[in-house]
Amino acid sequence: MKPLLIVLILLKSAFVIAQENLPKDSIIPRDIYSIGLGAHYGFVFAHSKAVRNTKGSSPWAIEIDLSRQLVNNAAWKDCGCYPRTGLTISYFNLDNKILGHSINVAAYVEPFLSTSHRFNFSMKGGAGVSYLTNPYHELKNPENMSYSTRISSYLAMGLGLNMKINQHISAKISAYYNHISNGGVREPNKGVNWPAATLHFYYALNPTPLPQDNINKSKEYRKKPLRKDVFIYASQKSIYLITGTGLNVSKQISGMNAIVLSAEAIADYALKKRMNEGGIHNNSYIHSGILAGHEFLMGKFIFSQQVGLYVTKRGPFYDALYQRYGLSYSINKYFAIGINLKAHRQVANFFDGRLIYSFR
């Protein structure tokens, strides 16, 4: 514990020295740096027959969290809130000899949905990489249908209730949904999915109150016109290209929420290969869908969740319904970039990168 204590003392001293160099009457909001320690406990969601051998597993984890809460006008402009951003390093025991263990490193953003002095709700979304100890192997581990690569992507999303205990210490209880898969790069890839309850404690190195000017202004919600987006995207599954294009129409219904309708067309050449191998020779690898869902509006960031319905044939391998989860960032008034995950139930289909043009 001594090295950690020394680091904390040095960091806090740096903040004190920086503030001493300011004029005495200066009141400048400071970003809040914190270190946290957390514990997870959950259960594996065995979402298909192929992964029934993981049913009853109860993953648990410990993690270290290094965070920075942005407290400035620029952050408010980008997010419409004072978000906490950071890096989480976690160790997961997946409680199953087939699944083994994982070490995850994930960056995250955590907008605070309320700004009271003691209690705050927050929404956290994280993405990173996972190192897994026991991937599928035809001889050594043939029963693992959940993942087949040692390095996979890790996604987590949840809601939390934060409570300030004193000036420096705060606690958070939350519920998360965790997902590990390789995005369809290699099969088998049914994924590991588990809900979890968590408890975190944070120590703020330089506590400071949140400015109230922007918070008060945020309550003056103004109606905005429809946002219309045209987008193109691309992905790669194994060596095969997937491309698509579509249109979003979004209507803001509150300060941080919008409803969105979408339509898209997809050309999935990885699906074409799979169909050809099964003796199916038609053009249903080129298909389309319509979607409806919700968006969290966080300044320049938009986090979307949608349910889609195929309206043209998509081959015999998928259900009629699918989901999309996306995160986009506005470069300027017209252009944005984003990433998006397409999934069927709990099985990831592919990740894509996209370019978005918006007009109102």
ask   = Is the shortest side-chain N to carboxylate O distance from Arg274 to Asp268 below 4.0 Å?
value = no
request  = Check Trp60, Trp194, Tyr131 against Phe92 for a ring-ring contact (aromatic ring centres under 6.0 Å, His included) and give me the one that passes.
outcome  = Trp194
ask   = If you group Ile, Leu, Val, Met, Phe, Trp and Tyr whenever their side-chain heavy atoms sit less than 4.5 Å apart, what else falls in with Ile266?
value = Phe231, Tyr233, Ile242, Phe350, Ile356
ask   = For Phe45, what are the other residues in its hydrophobic cluster, where any two members join if their side-chain heavy atoms are less than 4.5 angstrom apart?
value = Tyr177
Mind checking the [atom1]-[atom2] spacing from [X] to [Y]? Nearest 0.5 Å is all I need.
X: His294; Y: Ser304; atom1: NE2; atom2: OG; result: 10.0 Å
X: Ile169; Y: Lys164; atom1: CD1; atom2: NZ; result: 11.5 Å
X: Ser57; Y: Phe43; atom1: OG; atom2: CZ; result: 12.0 Å
X: Ile302; Y: Lys300; atom1: CD1; atom2: NZ; result: 12.5 Å
X: Lys190; Y: Lys49; atom1: NZ; atom2: NZ; result: 12.0 Å
X: Asn120; Y: Ser170; atom1: CG; atom2: OG; result: 9.5 Å

For the residue pair [X] and [Y], establish whether any side-chain heavy-atom pair is separated by less than 4.5 Å.
X: Val44; Y: Leu94; value: no
X: Met275; Y: Asn282; value: yes
X: Thr208; Y: Asn206; value: no

Check whether [X] reaches the backbone of [Y] with its side chain - one donor and one acceptor, N or O, closer than 3.5 Å.
X: Asn96; Y: Asn53; value: yes
X: Asn340; Y: Arg354; value: no
X: Arg68; Y: Ser34; value: no
X: Asn276; Y: His281; value: no
X: Asn134; Y: Lys97; value: yes
X: Ser235; Y: Phe351; value: yes
X: His168; Y: Ala204; value: yes
X: Ser148; Y: Arg186; value: yes
X: Asn144; Y: His137; value: no
X: Asp95; Y: Ser58; value: yes

inquiry  = Can you see whether Tyr318 has Lys342 sitting over its ring - NZ or CZ less than 6.0 Å from the centre and within 45° of the normal?
reply    = yes
Determine the minimum heavy-atom distance between [X] and [Y], stating which atoms define it.
X: Asn257; Y: Leu297; result: O-CD1, 4.0 Å
X: Pro111; Y: Met123; result: CD-O, 2.8 Å
X: Tyr147; Y: Thr133; result: OH-N, 4.1 Å
X: Ser102; Y: Leu132; result: CB-CD2, 3.6 Å
X: Ser146; Y: Val51; result: OG-CG1, 3.4 Å
X: Gly289; Y: Tyr322; result: CA-OH, 3.7 Å

message = Could you walk me through whether Tyr285 and Lys273 satisfy the side chain to side chain contact (heavy atoms under 4.5 Å, CB included) test, starting with their C-alpha distance in whole Å, then the side-chain angles of each, then the deciding distance to 0.1 Å, before giving a yes or no?
response = CA-CA 9 Å; Tyr285 69 94; Lys273 176 182 180 295; over 6 Å; no
With the 4.5 Å side-chain cut-off for hydrophobic clustering, are [X] and [Y] part of the same group?
X: Leu327; Y: Tyr329; value: yes
X: Tyr310; Y: Tyr269; value: yes
X: Val249; Y: Val311; value: no
X: Ile89; Y: Leu199; value: no

Side chain to side chain contact (heavy atoms under 4.5 Å, CB included) partners of [X], counting only residues at least two apart:
X: Val260; value: Asn248, Ser250, Ser262, Glu295, Gln306
X: Lys172; value: Arg84, Glu110, Ser122, Lys124, Asn162, Ser174, Tyr176, His200, Tyr202
X: Leu355; value: Ile232, Phe335, Ile337

query = Of Leu66, Val105, Asp65, Asn104, which is the lone residue that meets side chain to side chain contact (heavy atoms under 4.5 Å, CB included) with Thr88?
reply = Asp65
request  = For side chain to side chain contact (heavy atoms under 4.5 Å, CB included), just list the numbers for Lys251 and Leu261, CA-CA rounded to whole Å, side-chain angles, deciding distance to a tenth of an Å, and then say yes or no.
outcome  = CA-CA 9 Å; Lys251 173 61 177 177; Leu261 299 175; over 6 Å; no
inquiry  = Test side chain to side chain contact (heavy atoms under 4.5 Å, CB included) on Phe201 and Leu37; report intermediate values, then the result.
reply    = CA-CA 6 Å; Phe201 290 95; Leu37 184 65; 5.6 Å; no
Which pairs would a plain distance check flag for residues 151-161, meaning a side-chain donor or acceptor within less than 3.5 Å of a matching protein atom at least two apart in sequence or in another chain?
residue, atom, partner, partner atom, Å
Ser152, OG, Thr149, OG1, 3.0
Ser153, OG, Ser181, O, 2.7
Tyr154, OH, Asn178, OD1, 2.7

ask   = Under the side chain to side chain contact (heavy atoms under 4.5 Å, CB included) criterion, do Val230 and Phe359 qualify, and how do the steps go?
value = CA-CA 9 Å; Val230 176; Phe359 54 97; 3.9 Å; yes
Atom [atom1] of residue position [X] - does it have more than 12 heavy atoms of other residues, nucleotides or ligands inside 6.0 Å?
X: Tyr334; atom1: OH; answer: no
X: Tyr41; atom1: OH; answer: no
X: Ile64; atom1: CD1; answer: no

key: Ring centers of Tyr82, Phe112 separated by less than 6.0 Å   = no
Ring geometry between Phe303 and Phe296 (parallel below 30°, tilted from 30 to 60°, perpendicular above 60°) = parallel
